Amino acid sequence: MNQLIKKLRKYEILLRKVANSHLQGDHLSIFKGAGLEFDDLRPYQYGDDVRTIEWKVSAKGHGTFVKTFKEDKDQSVYFLLDVSGSQDIGSKVRKKIDLGKEIAGVLTLASVHEGSQVGLVSYSDQKETIIIPGKGTRQAVKIIKGIFNPETKSKKTDLNGLFTFCLNLIKKRSILFVISDFIDEEYERPLKALAFKHDLVVLQMTDPIESALPSLGIIPVFDKEEDKTTWVNTAFGGFSKKIATSFTTDRAHLKDFCKKNQINYLQIATDQDIVLPLMELFKLRNKTMKRG
């Protein structure tokens with residue numbers, strides 16, 4: 001419990017750094033504006049979004065009407081945390097899984113501070129920790145305990161399974177933070193479906209070694225997900241360059257996919273301080289909300 005309190009204090013300090021940054025207005029509106037519920041109908045005015053037209057009422061011949069919405073006071077925020085073996089990569093100081101947990105912890109405190117309900121789904125190739133949304137300090141402590149739970153049942157990855165599970169679990173429109181390295185395949189379809197149904201934020205964890213593997217000759221490479229060692233020749237046939245190109249291409253593909261599907265995307269490396277990237281995310285979402 002003492003360790004948990006120390007971590008909470010660390011997160012509070014980081015959160016204050018973000019809140020006291022050069023951002024103007026409501027610094028933490030990253031958690032507002034996405035959860036909207038139907039309020040009323042009013043006559044159509046020039047410039048209204050045609051997607052808000054209530055066609056059934058308008059078809060009765062008394063004029064064209066649009067739906068109006070109000071902010072959902074019970075806004076839910078979920079953290080979808082990938083805890084598979086590929087996340088356990090990085091230096092002794094900080095691995096991808098450590099980075100992801102740190103970010104989830106900071107954003108948990110931020111969302112609780114904003115009065116949102118907060119939930120957690122941590123996943124490997126199966127359900128690891130599920131915490132249904134709730135409010136307040138006790139919920140924040142519960143979520144952070146769940147985030148830092150060191151025990152997992154599996155080391156394998158199944159992002160398709162994670163996203164499909166969440167499509168069935170989370171019925172009401174919510175803000176979803178997906179925290180993963182996205183080293184997997186065939187997850188785009190359920191991810192796109194999540195983006196259509198919810199307000200989705202993709203946070204991709206990376207480590208410098210992935211795109212800058214040194215040429216060391218024949219070395220053992222341990223696959224944590226498969227629990228086996230393979231010997232590879234890093235000096236043969238441009239091996240290191242191919243690995244780097246593969247990672248770069250995959251990340252560019254994910255970023256492009258997110259842009260096409262109106263998903264907020266942010267890549268964060270293990271050697272980065274998380275405050276500046278989170279500031280950029282806040283700025284992006286503030287700009288999007290003002291534009292909307």
Side-chain angles (χ1 to χ4, degrees), residues 4 7-8 10-12 14-15 18 28-32 34-35 74-84 86-87 95-124 126-152 157-159 161-182 184 187 190-191 194-195 197-205 258 263-268 274-275 277-278 281-282 285:
L4 178 62
K7 287 172 181 174
L8 280 169
K10 177 185 177 183
Y11 295 147
E12 286 172 347
L14 287 169
L15 186 58
V18 173
L28 299 180
S29 61
I30 185 173
F31 301 106
K32 288 185 176 180
D74 291 321
Q75 171 74 62
S76 292
V77 177
Y78 281 85
F79 296 98
L80 280 50
L81 185 62
D82 176 4
V83 293
S84 61
S86 67
Q87 293 282 100
K95 297 179 179 178
K96 288 187 288 184
I97 189 66
D98 302 322
L99 175 64
K101 288 178 177 180
E102 190 175 304
I103 291 170
V106 171
L107 295 181
T108 292
L109 289 177
S111 54
V112 167
H113 179 266
E114 285 293 294
S116 298
Q117 298 191 86
V118 190
L120 172 69
V121 178
S122 68
Y123 207 95
S124 51
Q126 57 185 285
K127 294 174 286 184
E128 297 288 353
T129 303
I130 311 296
I131 300 177
I132 60 173
K135 291 186 176 184
T137 304
R138 288 187 178 181
Q139 180 72 2
V141 172
K142 186 177 181 181
I143 294 290
I144 289 176
K145 280 184 175 179
I147 290 169
F148 285 90
N149 177 17
E151 296 182 8
T152 56
T157 307
D158 183 5
L159 292 180
L162 167 60
F163 301 148
T164 301
F165 172 73
C166 289
L167 275 170
N168 294 319
L169 174 72
I170 308 170
K171 302 298 184 183
K172 184 179 177 182
R173 181 171 173 81
S174 305
I175 299 177
L176 309 185
F177 287 90
V178 185
I179 303 174
S180 172
D181 57 11
F182 285 85
D184 199 11
Y187 58 76
L191 183 62
L194 275 179
K197 186 177 179 182
H198 301 285
D199 181 2
L200 199 59
V201 182
V202 161
L203 302 176
Q204 186 176 27
M205 307 296 102
C258 289
I263 301 170
N264 290 145
Y265 170 85
L266 185 67
Q267 180 189 139
I268 308 180
I274 70 170
V275 176
L278 287 180
L281 180 64
F282 285 16
R285 289 180 63 80

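Quick caveat: nothing in here was measured; it's all calculated off a predicted structure.
- Residues Leu191 and Leu200 are in side-chain contact: their nearest non-hydrogen atoms beyond the backbone lie under 4.5 Å apart.
- Side-chain N/O atoms of Ser122 and Thr129 include a donor and acceptor closer than 3.5 Å.
- Screening Ile268, Leu266, Ile103 against Leu281 for a side-chain contact (heavy atoms from CB on, under 4.5 Å) leaves a single residue, Leu266.
- The side-chain heavy atoms of Ile263 and Val201, taken from C-beta on, include no pair separated by under 4.5 Å.
- A distance of 5.0 Å separates CG of Leu81 from CD1 of Ile97, quoted to the nearest 0.5 Å.
- In this structure, Gln75 and Ile175 have side chains that are in contact, with non-hydrogen atoms separated by less than 4.5 Å.
- Under the 3.5 Å distance criterion, with hydrogens and angles disregarded, a donor-acceptor pair is assigned to the side chains of Ser86 and Asp181.
- Residues forming a side-chain contact (heavy atoms from CB on, under 4.5 Å) with Thr164 (at least two apart in sequence, or on another chain): Asn160, Asn168, Pro190.
- A donor-acceptor pair under 3.5 Å is formed between the side chain of Lys197 and the backbone N or O of Ile170.
- For Ile130, the CD1 atom sits in a packed shell: over 12 heavy atoms of surrounding residues, nucleotides or ligands are nearer than 6.0 Å.
- Residues passing the ring-ring contact (aromatic ring centres under 6.0 Å, His included) test with Phe163: none are found, sequence neighbours excluded.
- Residues Met205 and Leu203 are in side-chain contact: their nearest non-hydrogen atoms beyond the backbone lie under 4.5 Å apart.
- Residues Val118 and Lys142 form no side-chain contact, since every pair of their non-hydrogen atoms from C-beta on lies 4.5 Å or further apart.
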